[in-house]
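Atoms within each ligand, like the ligands themselves, are counted from 1 in listed order.
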Amino acid sequence: MAEKKSGGKLRYEELAYDKKNYFETASEEERTAMFDYAEGYKAFLDAAKTEREACAEAVRLAKKAGFTEFKFGDKLSAGDKKYFINRGKSVVVFRVGTENMEEDGMRIIASHIDAPRIDIKQNPLYEEAGMCFLKTHYYGGIKKYQWTTIPLALHGVVVLKDGKKVEIKVGEDADDPVFYIDDLLPHLGAEQMSKNGTKIIDGEQLNIVVGGMPYADKDVSDKVKLTVLEYLNKEYGMKEEDFLSAELSAVPAYPARDVGFDRALIGAYGHDDRVCAYPALTAVLNNDSRHTVLAMLVDKEEIGSEGNTGMQSRIYSDLMEEICEALGASFRKVRYASKCLSSDVTAAYDPNFAGVFEKMNSALVSCGTCMSKFTGSRGKSGSNDANAEFVGEVRAMFDGDGVVWQTAELGKVDAGGGGTVAKYLANLNIDTVDLGVPVISMHSPWELISKADLYSNYRAFIAFMK
Ligand code: MN
Ligand code: MN
């Protein structure tokens with residue numbers, strides 16, 4: 001029997017705002033679509049643990065969808081499906097629409113494909129106490145102690161003395177060996193455990209075990225190191241000196257897995273920010289919008305968007321300018337008419353750490369992708385604070401397309417904060433707002449997200465590009 005609602009209750013429902021759980025409001029059909037979409041996402045995560053791999057995987061998927069490479073100077077026309085690769089570490093996938101670009105602008109989604117990890121130093125190899133280690137320098141904001149005593153895989157490239165580039169990827173196949181950062185046994189850990197969290201494991205203690213077998217020659221001093229060097233030489237043609245021009249990273253060796261009896265959640269390394277990059281990519285690949293749409297998958301966000309592959313590089317505005325020139329449009333006019341979703345993750349409200357959140361303005365798991373009008377810290381510092389007019393415009397796009405979404409800030413005021421690439425796009429005079437999936441345990445080796453929020457993010461991008 002239907003509940004009989006009082007006049008006040010009806011009036012309250014009409015006037016008040018409450019977040020909705022997307023699983024609860026989704027149809028059976030939509031829920032199936034969420035779970036199907038998550039399978040493609042998990043495959044992407046497993047294929048793309050570094051920015052180089054994410055770039056290659058995005059290009060592979062783009063080619064499969066009929067996209068071809070764009071180079072500066074190429075001609076373009078409506079309907080063209082293109083990708084532009086920047087040094088193998090960032091990629092912009094775009095489709096040219098039919099609208100006049102000077103009036104209509106571009107619809108841009110910008111996400112990053114780098115993730116916190118443990119990078120190998122340039123002179124890393126040494127032997128001590130029967131074990132061979134690699135010295136490291138961590139990349140991005142991590143809790144160092146979380147990266148000990150877990151299986152690690154090594155990914156990256158080595159440029160040999162003769163200029164030849166070799167790729168290394170060890171630890172992902174079930175029969176591969178993995179690598180390891182050790183921690184102290186609790187029996188001797190009394191002093192360690194009394195330390196401040198940032199000191200429990202020191203940066204210079206993040207040394208990775210890569211061998212333990214002595215080379216069979218009594219005259220050699222570093223026998224285990226020689227065994228490792230011998231292996232690297234046979235397998236990759238490397239000598240120790242070649243680490244000087246290598247870019248190697250240790251990442252968690254775990255694959256993405258469903259979490260929970262009901263499989264509602266996904267645990268994985270690198271949801272930040274592939275949980276936005278993959279929907280951005282697939283939204284452009286599966287698109288026949290009249291607008292010109294771009295997915296920018298960029299590098300170096302975790303260390304401040306620096307360098308020639310990070311969002312602050314001129315390469316991205318140069319590319320947009322090249323696209324404009326190829327279509328006979330003024331870059332300035334196009335920029336002024338463009339709209340951008342800076343798509344990066346946000347912190348999900350975590351009931352186990354409720355003290356750092358202000359619940360009314362926190363992202364709730366499964367309540368949809370999350371818009372942050374502003375990010376930053378200590379009084380919105382370092383933030384792109386989007387205009388209410390643009391927030392209203394994007395809100396109408398989402399609501400008009402039935403997207404379940406929410407808004408939030410990252411934690412309570414003065415609890416901390418964080419930034420995104422939003423401000424760099426906004427600096428080009430492009431209307432920009434942050435939107436992304438809420439994450440539990442962000443920047444840990446294994447982060448958690450909801451399949452509902454992943455799919456909501458994809459739906460939001462489709463709505464934005466319509
Ligand atoms: Mn991020
Ligand atoms: Mn991050």
Next on the checklist: Any side-chain to backbone donor/acceptor pair from His443 onto Gly140? Under 3.5 Å, distance only.
Outcome noted: no
Checklist entry - Lys89 side chain to Cys55 main-chain N or O, any donor-acceptor pair under 3.5 Å? => result no
Checklist entry - For Asp344, what is the atom name of its N, O or S atom nearest to the Mn ion (ligand 1)? => result OD1
Checklist entry - Taking both backbone and side chain into account, is any N, O or S atom of His443 nearer than 2.8 Å to the Mn ion (ligand 2)? => result yes
Next on the checklist: I'd like to know if the side chain of Ser383 and the backbone of Thr375 have a donor-acceptor N/O pair within less than 3.5 Å.
Outcome noted: yes
Item to check | Glu302: its N/O/S atom lying closest to the Mn ion (ligand 2) (atom name) | outcome: OE2
Item to check | Of all N/O/S atoms in Asp272, the name of the one nearest the Mn ion (ligand 1) | outcome: OD1
Next on the checklist: Using a 6.0 Å distance limit plus a 45 degree cone around the ring axis, check whether Arg31 lies over the aromatic ring of Phe35.
Outcome noted: no
Item to check | N, O or S of Cys276 under 2.8 Å from the Mn ion (ligand 1) | outcome: no
Checklist entry - Counting distance only, does the side-chain N/O of Lys49 pair as donor-acceptor with the main-chain N or O of Val251 below 3.5 Å? => result no
